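Report on one structure; see the data block that follows.
The shown structure was predicted, so the numbers you read here are calculated from the model rather than taken from an experiment. When a residue number appears, it is its place in the shown sequence, counting from 1. Values below: all heavy atoms of this structure, side chains included; hydrogens, waters and symmetry mates excluded.
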Amino acid sequence: MATAVFPGSFDPVTLGHMDLIKRASGMFDKLIIGVLINSSKSPLCTDIERIRMLQELTQNMPGIEVMSFDGLLADFVSQTGADAVIRGIRNSADFEYELPLAQANYKLNCKADTLFLAALPEHSYISSSAVKELLRYNGDIRGFVPDTVYRFIAQKFNLTR
Ligand code: PNS
């Protein structure tokens, strides 16, 4: 059974993440979404909130499991017995950043071989960091995150729009 890990901070989950999850899950028998815990000192969403959000968003998608991990991705891949790691690439800056990480992960564990998926052009400007920046200045995040995530954030932070 071919299994892949899609790791990330998911703080918060974006439309770009959801597209990659859908596409990657169609390529593998099982897709493990690996949520890095304690990824930021001042997170928008807690570890539990991020995990619950992903569970809700993927509840009707067969073959997807949401797990948390702390520490090295290469070790997490080894613990899960996965065959590959999926990362999305939006632009050349992403590639520059991701390539050495992929090479290091492969060096640590050759089962942690990374497959890059090209983000859809309409998602190329979407990131969790952009969502956090918009929220800081009361910007509208609705075109950036799934509805479920918008509703959760709107309630948590009393958004005025
Ligand atoms: O969504 P993000 O923040 O871009 O995800 C980054 C993530 C979680 C994939 C990356 O930070 C990671 O793998 N962290 C775990 C620690 C690790 O293995 N670092 C690489 C050492 S070579």
Handout entry: Distance in Å, His123 NE2 paired with Met18 CE, rounded so as to fall on 0.5 Å steps
Key = 10.5 Å

Please list every donor-acceptor pair under 3.5 Å in which a side-chain atom of residues 85-102 meets a protein atom from a residue at least two apart or in another chain.
residue	atom	partner	partner atom	Å
Arg87	NE	Glu98	OE1	3.0
Arg87	NE	Glu98	OE2	3.2
Arg87	NH1	Pro7	O	3.0
Arg87	NH2	Glu98	OE2	2.7
Arg90	NE	Asp94	OD2	2.8
Arg90	NH1	Ile126	O	2.9
Arg90	NH2	Asp94	OD1	3.0
Arg90	NH2	Asp94	OD2	3.3
Asn91	OD1	Ala93	N	3.2
Asn91	OD1	Asp94	N	2.8
Asp94	OD2	Arg90	N	2.8

Practice task
Give, for atom CD1 of Ile33 and atom CD1 of Ile21, the distance between the pair rounded to the nearest 0.5 Å.
Solution key: 3.5 Å

Problem - ILVMFWY network linking Phe10 to Ile153, side-chain heavy atoms under 4.5 angstrom - result: yes

Fill in the blank from the handout: Separation between OG (Ser68) and CZ (Arg50), nearest 0.5 Å, reads 9.5 Å

Problem - Pair Glu49-Arg52, salt bridge (charged side-chain N to carboxylate O under 4.0 Å, His left out): steps then yes or no - result: CA-CA 5 Å; Glu49 286 167 347; Arg52 291 219 176 113; over 6 Å; no

Exercise for the section: Examine Val66 and Leu31 and state if one hydrophobic cluster contains both, with Ile, Leu, Val, Met, Phe, Trp and Tyr joined whenever side-chain heavy atoms are less than 4.5 Å apart. Expected result: yes

Fill in the blank from the handout: Closest heavy-atom pair, Ser25 versus Ile64, reported as atoms and distance to 0.1 Å, is CB-CD1, 3.8 Å

Distance-only check: which donor-acceptor pairs under 3.5 Å involve side-chain atoms of residues 107-122, not counting sequence neighbours?
residue	atom	partner	partner atom	Å
Asn109	OD1	Lys111	N	2.9
Asn109	ND2	Ala74	O	3.1
Lys111	NZ	Asp83	OD1	3.0

Practice task
Determine, using the 4.5 Å side-chain heavy-atom cutoff (strictly less than), whether Val35 and Phe6 are members of one ILVMFWY cluster.
Solution key: yes

Practice task
To the nearest 0.5 angstrom, please state how far the CZ atom of Phe152 sits from the CG atom of Leu57.
Solution key: 11.5 Å

Exercise for the section: Determine the minimum heavy-atom distance between Lys132 and Leu44, stating which atoms define it. Expected result: CG-CD2, 4.1 Å

Practice task
Mark yes or no for whether Asp47, through its side chain, and Asn38, through its backbone, hold a donor-acceptor pair below 3.5 Å.
Solution key: yes

Practice task
Spell out, yes or no, whether Val77 and Tyr106 are grouped together once hydrophobic residues are joined by side-chain heavy atoms under 4.5 Å, including indirect joins.
Solution key: no

Problem - Heavy-atom neighbours of Lys22 NZ exceed 12 at 6.0 Å - result: no

Handout entry: Sub-4.5 Å side-chain heavy-atom contact between Met53 and Pro146
Key = no

Fill in the blank from the handout: Separation between OG (Ser9) and CD1 (Ile37), nearest 0.5 Å, reads 11.5 Å

Exercise for the section: Inspect the surroundings of CD in Gln59 and state if more than 12 heavy atoms from other residues, nucleotides or ligands are less than 6.0 Å away. Expected result: yes

Handout entry: Rounded distance [0.5 Å steps], NZ in Lys30 versus CD in Glu65
Key = 4.0 Å

Practice task
May I ask you to decide if the ring planes of Phe69 and Phe76 are parallel, tilted or perpendicular, using 30° and 60° as cut-offs?
Solution key: parallel

Practice task
Report yes if some heavy atom in the side chain of Met67 is under 4.5 Å from a heavy atom in the side chain of Val5; otherwise report no.
Solution key: no

Problem - Side-chain heavy-atom pair Thr3, Thr80 within 4.5 angstrom cut-off - result: no

Practice task
Using the rule that two of Ile, Leu, Val, Met, Phe, Trp, Tyr join whenever any of their side-chain heavy atoms come within less than 4.5 Å, decide whether Ile32 and Leu54 are in one cluster.
Solution key: no

Exercise for the section: Would you check if the side chain of Thr14 reaches a backbone N or O of Val145 as a donor-acceptor pair within less than 3.5 Å? Expected result: no

Practice task
Would you indicate whether the side-chain heavy atoms of Val131 and Val149 approach each other to under 4.5 Å?
Solution key: no

Handout entry: Arg142 to Tyr150 six-membered ring, cation-pi geometry met (6.0 Å, 45°)
Key = yes

Completion exercise
Between Ser128 and His17 the two heavy atoms that sit nearest each other are OG-CE1, 3.4 Å

Exercise for the section: Indicate the atoms forming the closest heavy-atom contact of Asp29 with Ala2, along with that distance. Expected result: OD2-N, 2.7 Å

